[in-house]
Amino acid sequence: MLLRMSSLFLRTLRDDPADAEVPSHKLLVRAGYVRRVAPGIYSWLPLGMHVLKNVESIVRDEMNKMGGQEVLFPALLPREYYEATGRWTEYGDTLFRLKDRKGADYLLGPTHEELFADMVKGEYSSYKDYPVTLYQIQTKYRDEARPRAGILRGREFLMKDSYSFDLDDDGLKRSYEQHREAYIKTFDRLGIRYKIVFATSGAMGGSASEEFLAPTPTGEDTFVACHSCGYAANAEAVTTPAPAARPVAGAGAQQVLDTPDTPTIETLVDHVNTVHGLSITAADTLKNIVVKITTPGSDKVETLIVGIPGDREVDFKRLEAALAPGEPAIFEAEDFAKHPGLVRGYIGPQVLKDLGIRYLVDPRVVTGTAWVTGANEPGKHAVNVVAGRDFTPDGTIEAAEVRAGDACPRCGSELSIDRGIEIGHIFQLGRKYADAAGLDALGPDGKPIRITMGSYGIGVSRAVAVIAEQAHDQLGLVWPREVAPADVHIVGTGKENQIEVALQLAEELTAKGLRVLVDDRAGVSPGVKFKDAELLGLPTILVVGRGLSTGVVELRDRASGTKEEIPLAEATDRILAACS
RNA sequence: CGGGGCGUGGCGCAGCUUGGUAGCGCGCUUGCUUUGGGAGCAAGAAGUCGCAGGUUCAAAUCCUGUCGCCCCGACCA
């Protein structure tokens, strides 16, 4: 492959685009890889296209190696498939909907579980046919409330999604493991630094689920990691280790204190310490948050109270994940009006049994622990309220915020917190979609076997942005070789026969199988060419310039910045060696 | 949906307070010079100032409305 800058459809920009915030967005636009068309929607120019295709072919290669078979579904889909699983309504505003000329409802596919399940049902009917794994690399559409960060999170994006179909849970586990291995190989080849973390399976149902997160400051997922045992989990999936229960017998007697004007934890702690002579911290208090929960497809509204240590905030994402598919909402003043038993700011769990309200607590609230909490009267709090004696929770819930330094649920060491971008997600779906499609295989005994599915995704276009996000410096992009638009960038600086020699070298290297970009532009100053070479970010740069008069050219490594003068005669071999 | 900001040649921006001939840098075209770090000189092309209405002798500028975009948050298999 040989690209000539003199005719390449490319214009680099000297300034950052005004609408770009994150490095990948700025650089991909400046270097002429992509251009914005509409919010969250981008065009790919020739150089960007090469990178996208390279990423895509690595993903395809690894999928084929693990035995996946490629198919392609339409992006434009009729409503019926999503009606069957309820997702036409459940997916909400994120679904791109449209009508055809007859007024029939269509959508642009955000993900294709329904279609895959239906296709397998149409073709396969015997247990002898299974297992099977199918995948596609297709443009997906999601009408995100707020697309951002360039192609890192667009409304149109390229995604590889695959689905495994197995007869039983063991088979599903094997398919899941195969995908996990394939993903590791894929992301390693892409040169992406990533972390595999436990994830919640959320409303999709199913059990085991892991995300591949690329740690970057611009990431929108929060995850914890333990550097001692290797445990890592999405913040929504972190479990809190519970301390050992204590005997209730030794606890002091419950006592109600006057605590006027102490609706917040801070004022409460201050008040009881200065006025009542206690010495407590916010962590000794138990704060109780009221939420109302609605469930999609149901009119029922449940009231729930969540008790967490007073030094922590409620993490709404964790709360939602814990209650899925239920959707929690904040209890408003009007809701309190309907529940006279709940005294806003002074709620304690002592009376919840009588009120018939479900009460879930943070795992740290174990039997025998004593708390300072509301006394269910305005201006009064109770101390020595002991779990298992003065109240009995209905269960535990992971709703409190996670902090750096919290104990690892596996080994007890300190957890660290980082942000990352989701680049892959694997999970064991189970039978939700097979149930909806009625996907059965006829077993050896003549009875139907309900198929169990796994679902696995890789954001292909997002991976391009993630690589740019992780691999760049002040000067520009620094592509890993396998995804770079070409192996080597040859700069002919323009005096005498320099461009001529550069083109000759380019031909030679192309003949040897290298992918070459040669800057053969006439009348462009060397400075411009160097800047462009650094901005475009090919891994190897060869300068055919002033040294040519003494028979040498300059070999540069983009990533390390090292430069070396080498004899022209050795250039081909040296570049081949550098690119291998 | 809440908060903030911005719409002026292809890109990045100034001009708006105080109404009066639309400007700068980059890029582009032509010529000459230049050629190892985003060259110099000269001459050019290119803009319904987001849109609509209003005030005025006169609106990029003031008023009203409207549309769009960006950022933060909410939201997001």
Footprint string (nucleotides 25-35 of chain B, 5' to 3'): B base within contact, S backbone only, - free, heavy atoms under 4.0 Å: BSS-------B
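For the pair A/Leu152/A/His25, no side-chain contact is recorded, criterion being any heavy-atom separation below 4.5 Å from C-beta on. Within the 4.5 Å cutoff, side-chain heavy atoms of A/Arg60 are placed close to those of A/Ile137.
Base pairing analysis places B/C32 opposite B/G40; the two distances defining the Watson-Crick or G-U wobble pair are each below 3.5 Å. Nucleotide B/C24: paired with B/G12 (Watson-Crick or G-U wobble, both distances less than 3.5 Å). When both pairing distances are held under 3.5 Å, B/A74 makes no Watson-Crick or G-U pair with any nucleotide shown.
Here salt bridge (charged side-chain N to carboxylate O under 4.0 Å, His left out) pairs that include residues 37-48 of chain A, with residues two or more places apart or in two chains, number zero.
The separation of B/G12 from B/G19, taken at their C1' atoms, amounts to 27 Å, rounded to a whole angstrom. The separation of B/U48 from B/A43, taken at their C1' atoms, amounts to 28 Å, rounded to a whole angstrom. The same atom, C1', is picked in B/G10 and in B/C28; the two are 9 Å apart, to the nearest Å. Between B/A42 and B/C67, the distance separating the two C1' atoms is 44 Å to the nearest Å. B/U30 sits 11 Å from B/A45 when the C1' atoms are compared, rounded to a whole Å. Separation of the C1' atoms belonging to B/C49 and B/C62 is 16 Å when rounded to the nearest angstrom. Remark: the separation of the P atoms in B/A22 and B/G50 is 15 Å, to the nearest Å. A distance of about 7 Å separates the C1' atoms of B/U34 and B/G40, rounded to the whole Å.
To the nearest angstrom, P of B/C72 lies 6 Å from CZ of A/Arg148. Spacing between atom NE2 of A/His425 and atom P of B/C76 amounts to 15 Å, rounded to whole angstrom units. As a whole-Å value, the separation of A/Ile41 CD1 from B/G68 P is 14 Å. The CG atom of A/Asp315 sits 14 Å away from the P atom of B/G73 (whole-angstrom rounding). The distance between atom CZ of A/Arg35 and atom C1' of B/G10, rounded to the nearest whole Å, is 10 Å. Between the CG atom of A/Asn234 and the C1' atom of B/C76 there is a distance of 13 Å, rounded to whole Å. Nucleotide B/G73 holds its C1' atom 12 Å from the CZ atom of A/Arg153, rounded to whole Å. Residue A/Glu21 contributes atom CD, which lies 12 Å from atom P of B/C70 at whole-angstrom precision.
A/Phe157 and A/Tyr141 have their aromatic ring centers separated by at least 6.0 angstrom. Between A/Phe198 and A/Phe223, a ring centre-to-centre spacing not shorter than 6.0 Å is recorded. Ring pair A/Tyr183/A/His425: centre-to-centre distance not below 6.0 Å. A centroid separation of less than 6.0 Å is found between the aromatic rings of A/Phe187 and A/Phe212.
The side chain of A/Ala18 has B/G12 as its nearest neighbour among B/C75, B/G37, B/G12. With distances taken from any side-chain atom of A/Arg36 to the nucleotides B/G36, B/C69, B/C72, the minimum falls on B/C69. The side chain of A/Arg146 has B/C71 as its nearest neighbour among B/C71, B/G36, B/C70.
Within residues 550-572 of chain A, the residues having any heavy atom under 4.0 Å from RNA chain B are, by residue number, A/Glu554, A/Arg556, A/Lys563.
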- request: Could you walk me through whether A/Ile184 and A/Tyr194 pass the side-chain contact (heavy atoms from CB on, under 4.5 Å) test, one step at a time?
  value: CA-CA 9 Å; A/Ile184 288 170; A/Tyr194 61 92; 3.4 Å; yes
message: With side chain to side chain donor-acceptor pair (under 3.5 Å) as the criterion, how do A/Tyr456 and A/Ser164 come out once you've worked through the C-alpha distance, each side chain's angles and the decisive distance to 0.1 Å?
response: CA-CA 8 Å; A/Tyr456 319 89; A/Ser164 62; 2.7 Å; yes
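Within 4.0 Å (heavy atoms only), A/Asp161 reaches no atom of the nucleic acid at all.
With A/Lys160 as reference, A/Met63 is the one residue of A/Glu62, A/Glu56, A/Met63 to meet the side-chain contact (heavy atoms from CB on, under 4.5 Å) rule.
In this structure, A/Arg556 satisfies the cation-pi test against A/Phe530, with its NZ or CZ atom closer than 6.0 Å to the six-membered ring centre and inside 45 degrees of the ring normal.
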